[in-house]
Amino acid sequence: MNLNMRARIVAGNWKMNTTPEEGKKLVSEMIPMLSAELTGKVHTILIPPSLHLTGLISLFKNRPMNLSWGAQDCSTHTKGAFTGEISAAMLQSIGVSYILVGHSERRAYHNETSTSCREKILRVLEAGGCPIYCVGETLQEREAGQVTQIIEQQLSEGLPERLWEESLPFVIAYEPVWAIGTGKTATPQQASEVHGLIRQWLKIHSSAQTATTTSILYGGSVKADNATELFNMPDVDGGLIGGASLESRSFVDIVKACAR
Ligand code: 13P
C-alpha cells in the first residue's frame, strides 16, 4: 500500500461462513467481474476463514487484478504453547497482508479488550503486515451519548504509537455494533460524524500526515444499494463488508461503488 496516499478500500469479511470449496466458487465468480482497472482504483481485500487462505492464495495468484488477502484475527503471542491460536507471522508467511484486529464479535464473544488489541497490532507490525483496527459503539452506548468517549478510548488504548513514530501502515474500520448484521445501517451523516472524529483524534495524537493518509472504512449492513451514499462522504474511504461479501455480484457492486 502506498503510504503517501489515502487508499480507497473494500474488504470482505466472510466471518465463519463457507467451506473451502464454497470459498473457491465465490472467488471464481468474482474474478471475471473484478477488472485490473477497478482493483487499481479500489484496493480489494478478501478475508475468508483462516483455514481457506493457503488454498485460495495459491489458486488465485498470478491474476492480473490486484486482490489482497486478510485474516480475521491473530494471536497476541508470537509462538509457543497457545492451542488453537494462529500467529501474525504464520499468516504473513502464506501471503496474508491484512489482519483484522478487535472486531466487535471478538470483543463481545472472546473478551477482547482494546489493550489486547494493541498487543495484536504489535504482532501484526512485527510480522510486516497491515492491521485493520475495528472500533465502534453499542446501541446502549450511543443512546447514552457516549459515542465520542467510547471511540476515543478504543483508539487510545488500542493503537500503539509505533504506528506513527515509524510511519507503519494501518487501517481503521468504524463498525457501530448496532449496525452489524442487523440491516440497520448508520446514516451517511452518522458515519461521517464518527469518521471525522477518528481523523481528528489521529491529527491530535499522531501527526497531520498520518491523519490525512490513513484510510477509515465503514462497516455495518453495507449493501450495493447504500454503498454509494456512504462512500461519498468525505472521511469515508471504503467499507468492511460482512453479509454482502458472501454474494459475488453484490460484493463487486460495492467495490464499484467505491471507485473514484
Ligand atoms: P454486515 O455487513 O453483515 O453487517 O457485517 C459487517 C461486519 O461486521 C464486517 O466486519
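The first residue of the sequence shown is numbered 1, and numbering continues consecutively from there. Counting starts at 1 for both ligands and their atoms, following the listed order.
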Participant: What are the atoms of ligand 1, with element, lying closer than 4.0 Å to any heavy atom of Glu175?
Facilitator: 6 (C), 7 (C), 8 (O), 9 (C), 10 (O)
Participant: What atoms in ligand 1 come closer than 4.0 Å to a heavy atom of Gly243?
Facilitator: 1 (P), 2 (O), 3 (O)
Participant: Just checking, any donor-acceptor pair under 3.5 angstrom between side chains of Ser192 and Gln189?
Facilitator: no
Participant: Under 3.5 Å between some N or O of ligand 1 and some N or O of Ile180?
Facilitator: no
Participant: What atoms of ligand 1 come closer than 4.0 angstrom to any heavy atom of Gly220?
Facilitator: 4 (O), 6 (C)
Participant: Show the atoms of ligand 1 that are less than 4.0 angstrom away from any heavy atom in Ser221.
Facilitator: 1 (P), 2 (O), 4 (O)
Participant: Which of the atoms in ligand 1, numbered in the order shown and given with their element, are less than 4.0 Å from a heavy-atom of Asn13?
Facilitator: 9 (C), 10 (O)
Participant: To check you understand the geometry: which heavy-atom pair defines the closest contact between Cys130 and Val171, and what is its length?
Facilitator: SG-CG2, 4.1 Å
Participant: Tell me yes or no: between the side chains of Glu119 and Thr76, is some donor less than 3.5 Å from an acceptor?
Facilitator: no
Participant: Yes or no: does Lys15 have any heavy atom under 4.0 Å from an atom of ligand 1?
Facilitator: yes
Participant: Could you tell me if the ring centre of His43 sits under 6.0 Å from that of Tyr98?
Facilitator: yes
Participant: Identify the two heavy atoms, one from Pro48 and one from Trp14, that lie closest to each other, and give their separation to 0.1 Å.
Facilitator: CB-CE3, 3.3 Å
Participant: Under a 3.5 Å threshold, yes or no: a donor from one side chain and an acceptor from the other, between Thr212 and Arg199?
Facilitator: no
Participant: Give yes or no for whether the N/O distance cutoff of 3.5 Å, strictly under, is met between Thr182 and ligand 1.
Facilitator: no
Participant: Do His103 and ligand 1 have an N or O pair less than 3.5 Å apart?
Facilitator: yes
Participant: Can His205 and Ser156 be counted as having a side-chain donor-acceptor contact under 3.5 angstrom?
Facilitator: no
Participant: Please list, in number order, the atoms of ligand 1 under 4.0 Å from a heavy atom of Leu240.
Facilitator: 9 (C), 10 (O)
Participant: Counting heavy atoms only, which of Gly242, Ala179, Pro176 comes nearest to atom 6 (C) of ligand 1?
Facilitator: Gly242
Participant: Quick one about Gln209 and Trp164 (side-chain donor to acceptor, distance below 3.5 Å, no hydrogens or angles considered), yes or no?
Facilitator: no
